[in-house]
K.L.:
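Here it is: the structure, laid out below.
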Amino acid sequence: MKILVINSGSSSLKFQVIDSDTEQVLVKGLCERIGIDGVFTYKTDKVSIKEPVAMENHTQAVNTLLEALVDQEKGIIHDFSQIDVIGHRLVHGGEKFTGSVVVTDEVIQAMTECNDLAPLHNPANLVGVDACRKLMPDTLMVGVFDTAFNQTMEPKAYLYGLPYRYYEKYKIRRYGFHGISHKYVSQRAAEFMGRDPGEVKTIVCHLGNGASISAVKYGKVIDNSMGFTPLEGLVMGTRCGDVDPGALEFLAKKENLDFPQIMAILNQESGVLGISKNFSSDFRELKDAEIKYNEKAALAREIFAYKVAKYVGSYAAAMNGVDNIVFTAGVGENDSDIRQEICNYLEFLGITIDELKNREQGEAVKISEGTSKVNVLVIRTNEELEIAREAAEVARGVRGGV
Ligand code: ADP
């Protein structure tokens, strides 16, 4: 099956076409600056294009990519009927969605009800769905949620210490995010080690600009460091992670700030950017600065690593043990120094790292020594492939094994 994978944001739309039988990527691209001026990137094994294309809205962006797909020179299909399924990345499915679903009017309605929970992401995702439905009304669409894999968390993990009535009334609870990545990476880790995901305990450290950690016990998430929103948990690129709400009230009073202003500080001005006194949210730049004795850049990286190690330790306790610890996403896949620093805290788990292996690059690398009591792996995440797999699986179910 040919699956068109769409990841629609507020002003950009990433896409790939993946052959779900061979898992080969046929096209990869990006519509950027939608509603501003428009930049279109499109790559196959034969062509590589990056050009300005006016895109006033998401429908025009989807139109641009569809035209490219059937173009005589750069295209990969003759007509749209050759796209079997469209798989959409959808950020927040609340408690309603525990797995991937066919996108119907009811699903759109239910998702719209979740907009409140993810005001920056869900409406942008839905605009992408809407654009595809307009232009390819007969194509099966599947929604793959970032929250779904985390829905196996139990109340002891997902409830806050708040009055229960607020959970009943507004569904205020921890949802966890990056579920598509956590699912892909935990399963790939088990497969790489020759084990069944249903028999291992895995901690996945998804360390990118946005960062989260999950505890996956026998194939099911039992905890995830993100919460009601993707603000909770680790210190991130620009997001604060865990903070005492009392400090926020204090800050609001001192600086005469309202809630939207406080939230903007927590989302955009905090994390390693804020700690480094606005030096950078980019871990590469922080590393370069650390080498040149920038103390705040060094402190930001130190706090980041310490916090990751604390979560790993607590998740090892939550699962009463751990077989695989996996690093993934931009920082996790590329920053060997930070991996080493995190693992230094974890010697008590019997973890030892092979320094040479830790410097290797690859789709999947085991960086712990043979004698290490826990396997430490670096695995490249692949959310698009996971979406394509899920979309194909849902489509097979709908079509009765096609
Ligand atoms: P997101 O998808 O959340 O935007 P990514 O997973 O793309 O984030 O990760 C982006 C982060 O990865 C940036 O902070 C970037 O500096 C970091 N990164 C990418 N390559 C490297 C590298 N070679 N060394 C250290 N950090 C890196």
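Start at 1 and go down the list; that is how both ligands and their atoms are numbered. Heads up: numbering here begins at 1 and tracks the sequence.
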K.L.:
Can you confirm whether Asp337 is buried at CG, in the sense that more than 12 heavy atoms of other residues, nucleotides or ligands lie under 6.0 Å from that atom?
P.N.:
yes
K.L.:
Honestly, is Arg173 close enough over Tyr167, meaning NZ or CZ under 6.0 Å from the six-membered ring centre and within 45° of the axis?
P.N.:
no
K.L.:
Please confirm whether Gly210 comes under 4.0 Å of ligand 1, counting heavy atoms of the residue only.
P.N.:
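A heavy atom of Gly210 does come that close to ligand 1.
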K.L.:
Does the protein put any heavy atom within less than 4.0 Å of atom 7 (O) of ligand 1?
P.N.:
no
K.L.:
Is there at least one protein heavy-atom neighbour under 4.0 Å from atom 16 (O) of ligand 1?
P.N.:
yes
K.L.:
Using 30° and 60° as the class boundaries, would you call the ring planes of His92 and Phe177 parallel, tilted or perpendicular?
P.N.:
perpendicular
K.L.:
Write out the residue and atom name of the closest protein heavy atom to atom 9 (O) of ligand 1, then the distance separating them to 0.1 Å.
P.N.:
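It is Gly330 CA, 3.3 Å.
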K.L.:
Which ligand 1 atoms does Gly208 reach within 4.0 Å, using its non-hydrogen atoms?
P.N.:
5 (P), 6 (O), 8 (O), 9 (O)
K.L.:
Decide ring pair (Phe, Tyr, Trp, His ring centres under 6.0 Å) for Tyr306 and Tyr345; before the verdict, give the C-alpha distance in whole Å, the side-chain angles of both, and the deciding distance to 0.1 Å.
P.N.:
CA-CA 8 Å; Tyr306 178 67; Tyr345 288 106; 5.7 Å; yes
K.L.:
Closest non-hydrogen protein atom to atom 13 (C) of ligand 1, residue and atom name please, with distance?
P.N.:
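In this structure, atom 13 (C) of ligand 1 has Phe283 N, 4.3 Å as its nearest protein heavy atom.
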K.L.:
Salt-bridged, Arg239 to Glu232, with N to O below 4.0 Å?
P.N.:
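No.
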K.L.:
Considering non-hydrogen atoms of the protein only, which is the closest contact for atom 10 (C) of ligand 1, and what is the distance?
P.N.:
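The closest heavy atom on the protein side is Asn209 N, 3.8 Å.
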K.L.:
Between Lys310 and Asp242, does the salt bridge (Lys or Arg N to Asp or Glu O under 4.0 Å) criterion hold? Intermediate values first, please.
P.N.:
CA-CA 12 Å; Lys310 281 210 303 188; Asp242 304 326; over 6 Å; no
K.L.:
Using 30° and 60° as the class limits, which term best fits the ring planes of Phe15 and Phe40: parallel, tilted or perpendicular?
P.N.:
parallel
K.L.:
Could you tell me whether Ala211 approaches ligand 1 through its side chain, its backbone, both or neither, with non-hydrogen atoms closer than 4.0 Å?
P.N.:
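No part of Ala211 comes within reach of ligand 1.
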K.L.:
In terms of ring plane angle, is the pair Tyr170 and Tyr166 parallel, tilted or perpendicular, where the classes change at 30° and 60°?
P.N.:
parallel
K.L.:
Which is closest to atom 24 (N) of ligand 1 in terms of heavy atoms, His206, Arg284, Glu383, His178?
P.N.:
Arg284
K.L.:
Within a distance under 4.0 Å of any heavy atom of Ser281, pick out the atoms of ligand 1 and give their elements.
P.N.:
14 (O)
K.L.:
Identify the closest protein heavy atom to atom 11 (C) of ligand 1: which residue and atom is it, and at what distance?
P.N.:
Val331 CG2, 3.9 Å
K.L.:
For atom 20 (N) of ligand 1, grab the closest protein heavy atom and report residue, atom and distance to one decimal in Å.
P.N.:
Asn334 ND2, 3.4 Å
K.L.:
Could you check if a side-chain atom of Glu67 sits within less than 4.5 angstrom of a side-chain atom of Asn63, using non-hydrogen atoms only?
P.N.:
yes
K.L.:
Quick check: Ala329 and ligand 1, any N/O pair under 3.5 Å apart?
P.N.:
no
